[in-house]
Amino acid sequence: MKVSIIIPYHKGEAYLRDCLDSLAEQTYRDLEVIVVSDHAPQKDLECISEYKDLIPIKLYHLDDNKTGVAAARNMGLDVATGDYIYFLDSDDYLYENTIEELVNGALEKDDDIVYGKKKPTWFKRSIYFMRLQEQQEAQDQELESEENELEDPELMMEGDQNDSDKGEGYEILKQDKEYLDKLVKSEEYINEDELTEEERQLLKEARIRIAYRILVSKRKGVRNISVLNILFKRSFIEENRIRFPENLKYFSDTPFLMEALSKTERIKKKFTALYVKRKHNDAINFPSLSQIKDPNRFYEFIDAYYETEKRIPKNSDLMIRFEHKYITYYAKLYAPRLKRSKNDIWRKDNFIIMSKLVSGMNHEVIKSLRGYKRRIIKALIKQDINKSLRIVKMHLGYRKLKKILRSKKELGKFLYIHVFLKKPMMQNWILFESFFGKNYSDSPKYIYEYISANMPGKYKCIWIIDKKGTKIPFRHKKIKRFSLRYYYYLARCGYMVFNSRQPVWMVKREGNVFLQTWHGTPLKKLVFDIEDINSASPKYKQQVYKQSRAWDYLIAANAFSSETFKRCFMFDNTILETGYPRNDILHSPNKDQIAAIIKNRLNIPKDKKVILYAPTWRDDEFYDKGKYKFELKLDLDLMKQELGDEYVVLLRTHYFIADSIDVQHFKGFAYNVSKYDDISELYLISDILITDYSSVFFDYANLKRPMLFFTYDLEKYRDVLRGFYIDIEKEVPGPLLFTTEEVVDSIKNIDLIEQKYKSRYEEFYDRFCGWEDGQAAKKVVESVFRD
Ligand code: C2G
């Protein structure tokens with residue numbers, strides 16, 4: 001049984017490779033892969049020939065006068081010779097047994113259609129399967145412990161009882177819809193030979209009903225209805241001449257699938273066949289069809305309805321369900337736009353076109369509607385646009401109110417937009433934030449102190465600080481992030497000095513000056529330089545793009561940062577090439593006195609030298625959004641034993657880390673300084689730095705003191721998670737170490753290490769610290785606060 005796999009291809013070679021790799025690894029081998037190029041670049045297509053020895057692959061080209069997924073898939077259908085057809089998108093990939101599962105499913109009862117399950121992801125293949133394996137291992141461990149529990153005789157008995165319960169009422173005779181639906185959903189094998197004709201008919205209807213529910217009605221909106229991960233018998237498609245409507249760009253799957261559902265006699269669910277649907281993470285430069293914002297989408301939405309209506313019988317069960325779906329989608333998505341859209345022509349069009357469409361629908365459908373949907377559709381039929389507007393307004397207002405009453409953040413945002421933004425902006429108010437309000441630190445701190453010391457009284461300074469009791473010098477106001485006052489100041493301050501991203505919903509006001517200091521020389525690839533983002537949502541690039549449009553100034557600590565920021569943020573406002581204000585303290589003439597004070601404050605014995613361990617966070621180890629795990633891989637026992645006489649160790653986790661390291665057993669040797677506000681002050685008191693892939697080493701280098709790199713997971717971090725801008729093995733000014741023994745050994749021989757890395761350190765210093773002269777805050781303030 002040959003399966004023809006049809007892949008339309010337009011662009012995205014890296015994605016296509018993942019896709020073809022997954023085909024080359026299919027356990028089912030009787031394949032015919034048909035790639036239809038929709039005017040793809042020649043150089044991309046060359047990669048296809050590399051797969052010729054691995055899979056039977058053929059390349060076709062759409063004619064010059066044709067374009068789009070629908071036309072490409074139709075061409076694939078015309079040239080396919082397999083017994084089955086399977087549509088695959090060039091940016092997605094499969095599990096190795098996907099096709100085998102589907103074919104086995106189809107062969108059981110000679111089905112026309114067998115559909116599997118889709119798994120959304122934004123990971124490339126290597127990471128996706130790596131994670132899956134990790135999850136599987138964790139699950140296996142859990143299962144093992146559950147199995148142990150099962151040995152309890154009482155639990156065993158309970159299990160037995162359940163099984164015998166299942167036997168009852170197991171026949172199809174019950175003719176109960178719900179029961180049948182459950183049966184179909186369970187994918188249980190049913191011996192149809194033992195059924196009566198009537199029962200068989202009922203079962204068939206249940207199968208189509210479930211398929212419709214899964215493939216159409218459960219899909220969010222109409223645009224997610226898709227033919228992906230469905231095996232179609234080719235003779236079924238050809239006998240019914242089912243094709244994609246080529247005039248549709250976004251919704252061409254809908255009429256095709258609906259027609260197939262209405263004509264099939266034999267359809268089956270096979271959820272063991274999995275399809276990985278990849279979400280694109282760069283909606284700015286490489287949007288997927290669903291990420292494109294196109295006002296024509298509405299007209300297509302309408303066309304797709306008529307196209308479907310043409311293909312399936314009026315008043316059929318399927319059509320009635322489909323009409324429901326359309327009404328729901330319209331009420332949820334397009335009706336609200338009657339209010340939101342500023343385009344009058346579109347609004348009228350929207351109204352008239354939809355009212356015509358609804359008028360042609362089955363009356364029972366309209367009658368069965370309730371609440372908001374009923375009111376809006378009735379107004380549509382009466383062609384009363386003003387009434388519709390009122391209904392939509394009421395509906396949206398009510399929803400908003402519910403949201404506001406449920407969450408303080410929503411209330412804050414509401415006041416921000418409707419009240420605070422309406423008040424005048426204050427040109428002499430400055431809002432400061434460092435690491436999302438976690439502490440008083442980083443460049444915003446040094447800029448604030450410079451302004452306060454040198455321009456007293458000129459500005460009102462407001463700090464976003466979450467931690468109670470944070471000590472901040474000079475006159476200022478403290479507010480908590482996401483408190484009502486936070487929204488108030490976010491709306492009214494003329495200046496903002498932030499070291500990380502601001503909220504996406506923040507409105508850039510006319511005349512507002514936003515100084516983004518950022519928080520490190522980039523080592524890990526950022527935003528548009530990341531090919532596959534791994535722990536951020538697919539919205540990451542889109543959001544950072546929007547946020548960075550609001551930044552008027554961005555600080556670069558060195559020429560490398562300056563170049564990188566321009567590219568990775570697609571930034572074209574002013575870059576301040578001044579060095580980092582946060583590093584001024586490292587060049588301060590009285591840094592030794594400052595260090596003595598800090599050492600004293602932290603109760604660190606004066607006679608001990610200090611090792612600072614400051615690792616970064618890991619994209620793939622987290623509990624929840626922004627809450628990352630950290631497992632200490634340094635053996636503190638060994639370190640204390642070997643180094644305790646001469647050194648103490650300061651442990652400093654990244655601000656994203658939620659775990660707290662327990663140092664109780666290491667009193668007098670290990671100190672947890674993760675909550676200490678300002679890491680620059682910790683650099684000052686440290687004699688040696690141990691770090692990994694954190695930008696801390698760019699800053700610490702200003703002190704020219706020795707650095708060690710504890711990179712126990714280098715391969716994973718560099719090759720799989722993010723990718724680095726510099727070659728960490730060749731360019732960092734210290735050794736890469738993989739065990740505590742190596743770390744201890746290096747510390748014992750720190751003089752030798754310093755000598756060995758001397759020239760590399762000098763090069764590194766010139767490249768990344770050359771601009772730093774202790775005057776960065778002054779230079780920044782003079783450029784930004786000029787008035
Ligand atoms: N940091 C810290 N403690 C650590 C690690 C980092 O206080 N254990 C602070 C340092 O100021 C550091 C900054 O957080 O410069 C950024 O930390 P990175 O580890 O480099 O990680 P990330 O937040 O991903 O920022 O352009 C810079 C990049 O965005 C990296």
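Keep in mind the model is a prediction, meaning the values are calculated, not measured. Just follow the structure's listing: the first ligand is 1, and inside any ligand the first atom is 1. In what follows, every heavy atom counts, from backbone to side chain, and hydrogens, waters and symmetry copies are set aside.
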Run the numbers for me: atoms of ligand 1, each under 4.0 Å from some heavy atom of [X], listed by number.
X      : answer
Thr616 : 18 (P), 19 (O), 21 (O)
Pro522 : 26 (O)
Ile679 : 2 (C), 3 (N), 7 (O), 11 (O)
Leu526 : 26 (O), 29 (O)
Trp518 : 26 (O), 27 (C), 29 (O)
Ala614 : 8 (N)
Gly520 : 26 (O), 27 (C)
Arg582 : 11 (O), 15 (O)

*Using distance alone, decide if ligand 1 has a nitrogen or oxygen within less than 3.5 Å of any nitrogen or oxygen in Phe435.*
no
*Quick check, are the ring centers of Tyr712 and Phe738 under 6.0 angstrom apart?*
no
When the ring planes of [X] and [Y] are compared, do they come out parallel, tilted or perpendicular, using 30° and 60° as the limits?
X      : Y      : answer
Phe432 : Trp463 : parallel
Phe764 : Phe697 : tilted
Tyr486 : Trp505 : perpendicular
Tyr700 : Tyr683 : perpendicular
Tyr725 : Phe560 : perpendicular

*Please verify whether a non-hydrogen atom of Phe656 lies at under 4.0 Å from ligand 1.*
no
With [atom] as the reference point, say which of [options] has the nearest heavy atom.
atom                    : options                        : result
atom 30 (C) of ligand 1 : Lys524, Arg652, Lys525         : Lys524
atom 13 (C) of ligand 1 : His519, Lys438, His654         : His519
atom 19 (O) of ligand 1 : Ser561, Ser441, Ser695, Ser694 : Ser694

*Would one find more than 12 heavy atoms of other residues, nucleotides or ligands at under 6.0 Å from atom NZ of Lys119?*
no
*Ignoring hydrogens and angles, state whether a donor on the side chain of Asp18 or Tyr128 is under 3.5 Å from an acceptor on the partner side chain.*
no
_Heavy-atom distances under 4.0 Å decide this one: backbone, side chain, both or neither, for Leu523 against ligand 1?_
neither
*How does Trp617 reach ligand 1, if at all, at less than 4.0 Å between non-hydrogen atoms: by side chain, backbone, both, or neither?*
side chain
*asked:* Using the rule salt bridge (charged side-chain N to carboxylate O under 4.0 Å, His left out), only one of Arg652, Lys467, Arg601 pairs with Asp677; which is it?
replied: Lys467
*asked:* Whether Glu763 and Arg767 form a salt bridge (side-chain N of Lys/Arg under 4.0 Å from carboxylate O of Asp/Glu) is what I want to check.
replied: no
